[in-house]
Amino acid sequence: MAKIIDGKAVAVKIREEARTRTAALQARGVRPCLAVVLAGEDPASLSYVAAKEKALAGAGMASREFRLPAGVAEAELLGVINALNADETVHGILVQLPLPSGIREKTVISAVDPAKDVDGFHPVSVGNMVLGGKGFLPCTPHGVLVLLREEGIPTDGARVVILGRSNIVGKPLACLLSRREVNATVTLCHTGTRNPGLYTREADILIAAAGRPGLVSAGMVKEGAAVIDVGVNRLADPGSKKGYRLSGDVDYGPVAEKAGWITPVPGGVGPMTVAMLLLNVVQAAEDAANAADAGAGARAAAVRYD
Ligand code: NAD
């Protein structure tokens with residue numbers, strides 16, 4: 001029977017770190033602030049945004065929400081982002097995806113100042129991730145990495161199979177897991193993969209990020225593997241209060257009998273995503289405060305030497 005990975009417990013530790021660093025910044029007169037831009041009324045987006053804002057408040061950080069109608073013009077949305085880029089009291093900018101149809105996601109993501117790109121989606125952030133430069137890492141893949149580390153799941157030389165090749169989960173995960181310090185051998189499966197079970201059954205670590213409930217059956221899992229379920233699917237459940245229940249991509253019960261570790265949904269990767277966002281926001285605020293201090297120091301030095 002698999003050990004259940006408690007993402008909530010690991011996330012609590014990370015959130016505590018974010019809170020400590022926030023308090024240190026506040027002592028310097030800086031309160032980390034995230035601007036959340038939300039266009040439209042997608043119910044899942046609304047609940048994700050609410051969870052992020054609650055977590056920020058819990059760590060002592062500020063958030064400012066900018067709600068725009070689903071029919072907002074792209075130019076107006078870009079205007080909001082430009083104003084936030086220029087606002088020194090805003091340290092991070094999060095544009096909640098998906099954007100309404102008619103708005104170009106790439107254009108909007110590229111408009112965010114990379115210094116405030118706490119989602120890690122800007123092409124500059126992605127480039128730095130690939131090249132190992134300084135920049136923000138995307139929250140969900142980074143959260144998965146931290147979960148593996150905190151659980152002591154060996155990655156050095158491990159075979160990892162990822163199901164899903166999106167820009168926000170699958171691709172960055174493949175990149176991060178193949179870094180030298182993680183040292184896994186990664187296979188990325190997607191809708192074009194023939195017979196994915198051939199690969200998944202070889203995996204020491206299997207990561208499902210396809211958004212397909214029930215995709216990973218016990219027959220696709222190697223005995224003792226670590227199974228990380230990133231998927232979040234809303235399944236109709238008329239008997240429940242909300243009318244739906246959340247399910248991952250993994251057939252949880254049977255897979256838990258066979259795997260060595262497993263993440264539940266909810267309570268696995270989801271809380272880590274939010275916790276890593278908090279760390280990115282506090283990092284952005286620290287960077288801004290350090291740059292401002294260095295600027296002030298440089299100005300003072302210039303005055304002295306003049
Ligand atoms: P996406 O729709 O952008 O990408 C899904 C990917 O899965 C695609 O690359 C597609 O090729 C691949 N895919 C689809 N069917 C497949 C199959 N049968 N076999 C192999 N690959 C297949 O989705 P996304 O944004 O990457 O999100 C994936 C899932 O993760 C969703 O359920 C989403 O809700 C969830 N998610 C969770 C978190 C979290 O914090 N827990 C964060 C982001 C996304």
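In each ligand, atom 1 is the first atom listed, and ligand 1 is the first ligand listed.
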Please list, in number order, the atoms of ligand 1 under 4.0 Å from a heavy atom of [X].
| X | answer |
| --- | --- |
| Arg212 | 14 (C), 15 (N) |
| Gly270 | 40 (O), 41 (N) |
| Ala209 | 5 (C), 6 (C), 7 (O), 28 (C) |
| Asn233 | 32 (O) |
| Thr273 | 39 (C), 40 (O) |

Item to check | Sequence neighbours excluded, every pair satisfying salt bridge (charged side-chain N to carboxylate O under 4.0 Å, His left out) that has a member inside residues 262-286 | outcome: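 Matches after skipping sequence neighbours: Arg21-Glu286.
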Next on the checklist: Enumerate the salt bridge (charged side-chain N to carboxylate O under 4.0 Å, His left out) contacts for residues 103-119, please, sequence neighbours excluded, ordered by first and then second residue.
Outcome noted: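 Those involving residues 103-119 are Glu74-Arg104.
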Next on the checklist: If the test is side chain to side chain contact (heavy atoms under 4.5 Å, CB included), which one of Val160, Asp204, Asn183, Ile205 qualifies with Thr155?
Outcome noted: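 Only match with Thr155 under side chain to side chain contact (heavy atoms under 4.5 Å, CB included): Ile205.
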Checklist entry - Can you find a protein heavy atom under 4.0 Å from atom 2 (O) of ligand 1? => result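 No, no protein heavy atom sits under 4.0 Å from atom 2 (O) of ligand 1.
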Considering non-hydrogen atoms of the protein only, which is the closest contact for [atom], and what is the distance?
| atom | value |
| --- | --- |
| atom 23 (O) of ligand 1 | Ser166 CB, 4.3 Å |
| atom 32 (O) of ligand 1 | Val232 N, 2.9 Å |
| atom 18 (N) of ligand 1 | Leu215 CD1, 3.4 Å |

Between [X] and ligand 1, does any nitrogen or oxygen pair lie at a separation below 3.5 Å?
| X | value |
| --- | --- |
| Tyr48 | no |
| Val269 | no |
| Arg165 | yes |

Just wondering, more than 12 heavy atoms not from [X] lying within 6.0 Å of its [atom1]?
| X | atom1 | value |
| --- | --- | --- |
| Tyr252 | OH | yes |
| Glu181 | CD | yes |
| Lys3 | NZ | yes |
| Arg159 | CZ | no |

[X] and ligand 1 - part of the residue with a heavy-atom distance under 4.0 Å:
| X | value |
| --- | --- |
| Thr140 | side chain |
| Asn167 | neither |
| Ile168 | side chain |
| Val265 | neither |

Selected option - heavy-atom contact closest to [atom], from [options]:
| atom | options | result |
| --- | --- | --- |
| atom 44 (C) of ligand 1 | Asp229, Val216, Val169 | Val169 |
| atom 37 (C) of ligand 1 | Val230, Thr191, Val161 | Val230 |
| atom 7 (O) of ligand 1 | Ala210, Gly211, Pro98, Gly231 | Ala210 |
| atom 6 (C) of ligand 1 | Gly164, Pro141, Gly7, Ala44 | Gly164 |

Item to check | Shared hydrophobic cluster for Leu176 and Leu163 (ILVMFWY, side-chain gaps under 4.5 Å) | outcome: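 Each belongs to a different hydrophobic cluster.
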Checklist entry - Are Val37 and Val274 connected in the hydrophobic side-chain network, where two residues link if heavy atoms are under 4.5 Å apart? => result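 No, separate clusters.
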Item to check | Pair Asn233-Arg245, side chain to side chain donor-acceptor pair (under 3.5 Å): steps then yes or no | outcome: CA-CA 8 Å; Asn233 306 291; Arg245 67 185 168 83; over 6 Å; no
Checklist entry - Charged N to carboxylate O under 4.0 angstrom, Arg67 versus Glu65? => result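 The answer is yes: the pair qualifies as a salt bridge.
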Next on the checklist: With no hydrogens and no angle check, just 3.5 Å: does a side-chain donor-acceptor pair link Arg31 and Thr22?
Outcome noted: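 Short answer, no.
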